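In this text, all values refer to a predicted model and were calculated from it rather than measured experimentally. In what follows, chains carry the letters A, B, and so on, assigned in the order in which the sequence lines appear, proteins first and then strands, with residues in each chain numbered from 1.
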There are 2 protein chains.
Amino acid sequence: MAAPVVAVVGGGQLARMMSPAATALGVHLRALVEDAASSAAQVVPDALVGAASDEAAVRALVDGTSGDGSAGRGDPAAAEPADVLTFEHEHVPNALLEQLVAEGHPVRPDAAALVHAQDKIVMRRRLTELGVPCPRWSELPDHAALEAFLASVGGTAVVKTARGGYDGKGVRVVHSAEDVADWFEAAQAEDGTGVPLLVEERVPFTRELAVLVARRPSGQVRAWPVVESIQEDGVCAEVIAPAPGLTPELARAATELAVRVADGLGVTGVLAVELFEVPGADSGAPTVLVNELAMRPHNSGHWTIDGAVTSQFEQHLRAVLDLPLGETTARARWSVMANVLGSAHADLAAALPEVTALDPGAKVHLYGKAVRPGRKLGHVTVTGDELDDVRSRARAAAAVLRGDAPDPVRVTSGGAR
Amino acid sequence: MAAPVVAVVGGGQLARMMSPAATALGVHLRALVEDAASSAAQVVPDALVGAASDEAAVRALVDGTSGDGSAGRGDPAAAEPADVLTFEHEHVPNALLEQLVAEGHPVRPDAAALVHAQDKIVMRRRLTELGVPCPRWSELPDHAALEAFLASVGGTAVVKTARGGYDGKGVRVVHSAEDVADWFEAAQAEDGTGVPLLVEERVPFTRELAVLVARRPSGQVRAWPVVESIQEDGVCAEVIAPAPGLTPELARAATELAVRVADGLGVTGVLAVELFEVPGADSGAPTVLVNELAMRPHNSGHWTIDGAVTSQFEQHLRAVLDLPLGETTARARWSVMANVLGSAHADLAAALPEVTALDPGAKVHLYGKAVRPGRKLGHVTVTGDELDDVRSRARAAAAVLRGDAPDPVRVTSGGAR
C-alpha cells in the first residue's frame, strides 16, 4: 500500500483544511478546484482546475493524470488513481457518481446518501420515514398548498428551495404565497431547470445546536461533543463547544439522533446535523428538531482542529478511506470558534501582526480568499477553562481580522486581554 | 500586505511540517527541495528543485520565479519575492547568505548566527565567551593535542568533526589519537576540504534534556517547557514533555540558558539547545551543560504540534516574519513523541489501518519518505494525564509503524489499549 490517494471535489476552505490532516497522515490529496488560485489550490500541489459538473474533469480527478514530473508534482502518487472520491460541497451530478461507482471507483459519501444533502424534499421525506423529529413541513406543488400550510401554522412559515441553497440562500420567511411568487414561477420553468419548493414551520427555537459525526463504510461511527451554533443573517458566526448548559440527556438524545441519521442514510465521511433546540411541551425537558444536514466537514466543526483530539478534517479522511476513526474528545473544557465574515482589510494577512499581538493563544486560520462582503475568509478558535473569557477572546480576535474595533461591551463584560 | 511569503531551504520533514502551520496562518510557503518527490514537495505547491549550495537555485527561491500559472501554481504569491529566507538545515553557503542580506533580503537566522550551528568550534568558542556551561573541550590541531586532552580527562573523550555532523554522525568516542587517525588525515587535506576536529569530555550525564525557544528579530523570546530526550545510537528516539521530575529551579536555569544563547548568538526563528543533565558536585543540585545547538525546528520539538498551544513550526514562521510569538504552554499534562526510525514495512502507509486501530488517540505523522534502515520516517505523539500510559502508547504506536511487535513488557506494565 503506497500513500492512499483521496480525491476531493472543490477548492474552497474545506478542501484547504483537509490538507494539513492529509500531510500528517501521509495521505496524498488531489483536489478539483474552480480556479488555479483558489483557497485549496494554494496548499495542494496536486490540484486540477475544472468544474464539479464537468465529467472529464471529475474523471481526471479520479484517474490521476495530473502528474507532470515538475517540482511539486513530482510525487508519483499524482499519477495514481484515487482510492476514494469525496467532496467539500454537494454540487456534483449524481448520475456521474453512480457511473463511477459502477465502474468500481469508491465514492464517499455515495450518491444514494448525498442526495439527502442535495435535495431538502428528499431529506425531509427520508427523515420522516426514519422517525427523526423534524419541523412540520410540506412539499409545495402550488400556491394553494402554501396557503393551506400557512393557515395551519398561524400565518408565518419558512419556504425553501429544495436544491442549491446554502448559508441562508434559498430560504425565505413568508406570510403569504405572494412572498415567494417569483420562486413559484421559477419552479414551473419548462426548460427543466425549475427547483421544487418546500415549506417548514417557523420553529420557536431557543437556540441552534449541531452534532458532527463521522461514519466509515464498515459502519463505525464516532461523534464529537454537541455544540451550540450562533447564526447571523443565516450564516454561522460562532460555535461554542460543548453547547453550554446542555443536559446530559439532551446531549445523548441529540447524538443518538445524528448517529441514527448517519446510519439510516448510509452516510460515509463527516455528517453535520444542524438542530433546533425547542422548549418541551408543558414545561417539560427541551427537545430537538433536525434543521439541515451536510455530508462533509462543516463550519460547526472547525473548532475540532484546535479543540479536539481528532479534527473533522482528519476524521473525514479516515472515514472515506475506511480507516479506524480517531478519538473525538475535546482537548479543553471550552472551545469557541468565531468566523471572519467579510473584512475592512484589503487582505486578511494585513491583520496578522495585530491579531497575533492581541492574543498569543488564539489559533488563527486564514483561507487565502479575496475579501468580499460577508464572505467566509477565516476563523479563530480559542480554548480554555472559562467560557466568558474564551468567547470574548475569540470574538475580539475575529473582530481584528474583520477590521472592526472590538465590541467594547463584550470585551468589558467578558474579560479582555 | 498580501500573503507573507516564507522561502525555506530544504525539502525534508521539517519543511514539510511547516506547511500545515503556513496553511493555517495564510502564509505562502516556498521550498527549495532536493528532489521533486521529496517529503516537502509532496505538500508544498510552490516547490523548486535545486541544491542548497547552488546560488541560482537559492536566488530563484528568494525571487519567486516559479509561478507558471498552472493549477497548484496559480497562486499569484508564487511570483512574489520572499519576505524572508529561512532553513530546515544548516548546509547553506554563508557567503551567499551574507550577499543576500547585503542586497536587502531578510535571512533568518542570518549567517552570523547560523555559523554557530554549522561549526562546533565556533559554537564552543562563543558559548565559552558567553559564560554558558559546556563540557570541557579543546580544538585539535594535532594528535598531541588529543593525547594531552585524553590524559587530562582520564583517557576517554569524544572527538567531533567541527562541521557536517548530524544524528550521531561525525561523533566518535576515543581512547587514543589512533582511534581518529583517519579524521586527522582528512582534516589535513591539502585541497581545502579538510574539516577541523574538536574534542570534548565524555560527560557523565544522568539524562539528556532539550530547551526549545523562538526569538524574533525584535528580540521577543518564548520558550516551551523543558523536555527529556532519549537517544538511541545517537539519534533522538523519544521525547517526554515536560522532562519528568525536573526541579523548577533547574527548569528555570535551563530555560534562562537557552534564552541567553538565543540572545547572545542573535538567533531568529526556533533554536533548539540540547543539554546534558549532570549530577551536582558534592551531591548538590543537578546542573546542565550545553551539548548541541540547532537553529531551526528540531526533533525535540515535534511534540509541540499536538501538545502545545503553538507548534514549533508555526512559531518558526511567526519568528522569521517578525510576528508576535504564540503561547508555548502545554495542552496536556504529558506529551510523549516517539520517532519511527526505519521500518519493516515497504511503505509506512501500509501500517495506517493497524496503528489507527491500535490507538484512536495517537497522533500519527508520516513524512512520505522511502523506507531505509534507521531513517526518520515519521513520529507519533500521545498526550494525557498518566506518563506511563502515554509513554507506552506512543511507543506501541511507533512500533506498529516500524513493523515490530509491540514490546510485551512495556505494554503490560504501561497499560496497553
Once you round to the nearest 0.5 Å, how far does CG of A:Leu323 lie from OG1 of B:Thr356?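 One gets 5.0 Å once the value is rounded to the nearest 0.5 Å.
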
Can you tell me if CD on A:Gln220 sees more than 12 non-hydrogen neighbours from other groups inside 6.0 Å?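 Yes - once you tally the heavy atoms of other residues, nucleotides and ligands closer than 6.0 Å, there are more than 12.
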
If you count heavy-atom pairs under 4.5 Å with chain A, which of B:Leu325, B:Val355, B:Asp306 comes out on top? B:Asp306

Specify which of B:Leu366, B:Thr383, B:Val309 makes the most heavy-atom pairs with chain A at under 4.5 Å. B:Leu366

Which atoms of B:Ala31 come close to chain A, meaning under 4.5 Å heavy atom to heavy atom: side chain ones, backbone ones, both, or neither?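 For B:Ala31, no heavy atom lies under 4.5 Å from chain A.
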
Sort A:Glu314 into side chain, backbone, both or neither according to what part of it lies under 4.5 angstrom from a heavy atom of chain B.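 The side chain, not the backbone.
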
For [X] and [Y], which heavy atoms make the closest approach, and how far apart are they?
{"X": "A:Pro45", "Y": "B:Ala41", "value": "CG-O, 3.9 Å"}
{"X": "A:Leu352", "Y": "B:Pro4", "value": "CD1-CG, 4.1 Å"}
{"X": "A:Asp75", "Y": "B:Gln42", "value": "OD2-CG, 3.4 Å"}
{"X": "A:Pro324", "Y": "B:Pro353", "value": "CG-O, 3.7 Å"}

Which members of residues 20-29 of chain B, sorted by number, sit under 4.5 angstrom from chain A on a heavy-atom basis? B:Pro20, B:Thr23, B:Ala24, B:Leu25, B:Gly26

Once salt bridge (charged side-chain N to carboxylate O under 4.0 Å, His left out) is applied, what residue pairs with a partner in residues 335-345 of chain A remain, sequence neighbours excluded?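 The answer is none; no pair qualifies.
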
